[in-house]
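Here's the structure we're looking at; comments come further down.
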Amino acid sequence: MRTPKAFLTATLIAVLLLLPAPLAAAGADPTSTQGSVEVGVWDASTDGSPDVVSEYEPDQGGADLAVEVETFQDWGHLFLTAHGRAANDQAFELGLDVGRSVRTHTTYTALLHRLGRDPLTNLEAATQHGRVVWHTDLSPEGRYEIDYGQLTHRTELQFPGAPALTLGLGYRLQEREGFKQALTVSHCDSCHVVSQSRPIDESTEDASLDATWAFGGGQVKASFLHRELRDSAPALTLVFDDALQPELRTPLFDNRLSFDSAQGPQEVHRRPELTKDVIKLEVALADVAGFAVDLGGVWTSTENEGTGLTSDYNGYLVSATRKLKESWQLRWRARAYSIDNDDVFVDIAEPAGIAGPHLGRTYRQAYGFDPDYLRRSSLDRQVFESKTDLSYRMGKKAGTFKLTWDLESIDRDNYEVAPGETRTTENVLGLSWWGRPRKGMRLRASLRHGEVDHPFALVDGGFSTLVSPMVTSPFAPQAAQYFQFQDARVAETTAAPETWDELKASLSQIFDGKTLSVSYRYWDGDNDDGDFTDWSRTQQSATASLWGMPAPRWQWNLAYTWQDTELGFPIFIPIFDG
Amino acid sequence: MSFDFVWTAAEAALDSFDFDVPAEFLAANPNMAYDFTRTYLHSDLDVSRVELGVSASYSINDRLALTGGYRYLDYQDDAPYLGDDTGSADYYRLGIAWSF
């Protein structure tokens, strides 16, 4: 971690230079400064795989340093905690308050994350007719782990002559360095999975500026953030396998793939570099016709530095809360936002056949199929969300009832969720209760029911009605092609419910210095809205925990969690080659 | 002195399942064996983890103390699939602390 190390070192030096002043002042008032410094060594030994048992810890040993300092002086307050035992195992926090006019907070965290390795040994199989799946590991001795580091800093300025105004400056740097396992697939001659070690050298850097003005009836806050994501590690390259007919092993399939060995090394696992700007405006008003009102706007623009493509988000939110009468409270929260992504034309590489009946012809020339397309993002949408709740408090023992109504409408610009329909609308009604019916006991129960018009689905996502005739060769004129099977699909496939119900209940009871907590959740939903749509899911979960503290310095805890899921969905297997 | 001990265990599995395929279809298509009777065995979790920690501090005087600690971690994978992540680790620490 280059920049964080330099920053950390500079800050530690600055603190050590500053420390003598408060420590000297401590002589006049010894209770205003306290702290500790601990110097030591550590070591570790491992047996078997460290990937899970020491997933976030180094094991090479070394020095172990810890510092804690806190001082209260006439000029303000300073605190520092720092602990490090390796370059990738550190925690640092520095807070400084000078006369309540300058307030800073800085943290730095470094940790190791072991990622483990997929041995790919399951990718070794063959069919009766000789179709093969197999793997190659180009880095059999590679260690996959990431060194993660994050530096955060925030300074707030509040000038004596303008106490209502607070200026904020923020900075964040997140870095990831190491290696991860990258997989690529060659297709057609076989399913050949290749594993390589992909270097990671990534940084995400934020700089922000904000201003808050507080007044008698509320406050206004405006902020701007600029973010840059950079990846300094080069992309990997791969020479894809020669495109061969998978059973005959003959060079007949070159025009069915965009890339094979003839195109030489191809760039794979490229990671994008991004720039993002975020503008926010927040207004809090304490009393608008009796309501406490919060208003906000968020405008975001993200650009892929490599392609020049942009994604824009514009969002607005409002919340209003007030007590209607004694024991009655009404709250309403709403959000409206839009997402807009650039269109992009995808020009598919179309090599010509090098042998056989398609010699010299592309797949398009042989079958009239155009693989190029204009990508209009399925994320482009206008969304409206509304949450309304009305609560009535009957008393501490009798508890509080709450009635809720949640509405969500998602209208997609370029994606149909049902034939001719782009909008999904969900209404959720809920009833909940919580209270303390007896001393030491808390009870909570809730029931929700959801109804969805046109839930998210893939139109014509399955069940091809095409039955291809028996053929002796894939090049026979009557042999059906994959795009023909795709075009003949008629089923709407989904994993989203059309209706659903949820029941939740929980209890906690304090007794004899112990706390018992139990909870249960039941969820059931299904969808048979579209053509051949038949999806259902039932989930249950329960947890129980018991905590005890027999003495001031001794505590124990037992916990058990259970989950059960039943999932129902149709599968469709195409009848291929007769 | 302080002492801590944590033991966790997790088990998860799929119930067996198969798909209904008409017998006459299977008879007419002997090369297509839609047999998923063993598929559920490829999703099976049976792991346990133990963490044991001890730390102590001995005061030499009002400001100086000797500190030490030991941690033992053990992870058992009793249903390994493809790779076995079973492993254990011992961590040792010794230091001297100055308070002011």
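Only a predicted model underlies this, so the values are computations on that prediction, with no experimental measurement involved. First the proteins, then the strands, lettered A, B, ... as listed; each starts at 1.
- Heavy-atom distances place no part of A/P50 under 4.5 Å from chain B, backbone and side chain included.
- Of the listed residues (A/E57, A/E566, A/R117, A/Q563), the one with the most heavy-atom contacts under 4.5 Å to chain B is A/E57.
- Taking every heavy atom of both residues into account, B/D84 and A/S49 meet most closely at O-CB, 4.0 Å.
- Proximity to chain B (any heavy atom under 4.5 Å) is shown, for A/P570, by neither the backbone nor the side chain.
- Within 6.0 Å of the OH atom in B/Y58, the count of heavy atoms belonging to other residues, nucleotides or ligands does not exceed 12.
- With 3.5 Å as the limit, one finds no donor-acceptor pair spanning the side chains of A/S45 and B/Y91.
- One distance of note links CZ of B/F100 with OG of A/S36; it measures 7.0 Å at 0.5 Å rounding.
- The interface of residues 60-77 of chain B with chain A, defined by heavy-atom distances below 4.5 Å, comprises B/T67, B/R71, B/L73, B/D74, B/Y75.
- One finds the CD atom of A/E38 at 9.0 Å from the OG atom of B/S99 (value rounded to the nearest 0.5 Å).
- The local environment of CH2 in A/W556 is crowded, with over 12 non-hydrogen atoms from other residues, nucleotides or ligands closer than 6.0 Å.
- Both the backbone and the side chain of B/S88 come within contact range of chain A, with heavy atoms under 4.5 Å apart.
- In terms of heavy-atom pairs under 4.5 angstrom with chain A, the leader among B/L94, B/D15, B/L14, B/D4 is B/L94.
- At a threshold of 4.5 Å between non-hydrogen side-chain atoms, the residues B/Y92 and A/W42 do not count as touching.
- Within the 4.5 angstrom heavy-atom criterion, only side-chain atoms of A/D118, from C-beta onward, approach chain B.
- Separating the CG atom in B/D85 from the CG atom in A/D51 is a distance of 6.0 Å, to the nearest 0.5 Å.
- Chain A is approached within less than 4.5 Å, heavy atom to heavy atom, by B/R49 from residues 38-54 of chain B, ordered by number.
- The parts of A/D47 that come within reach of chain B are both its backbone and its side chain, each placing non-hydrogen atoms under 4.5 angstrom from that chain.
- Using a 4.5 Å cut-off between heavy atoms, A/R85 contacts chain B through its side chain alone, with no backbone atom that close.
- In this structure, chain B has a heavy atom under 4.5 Å from the side chain of A/I571, while its backbone stays farther away.
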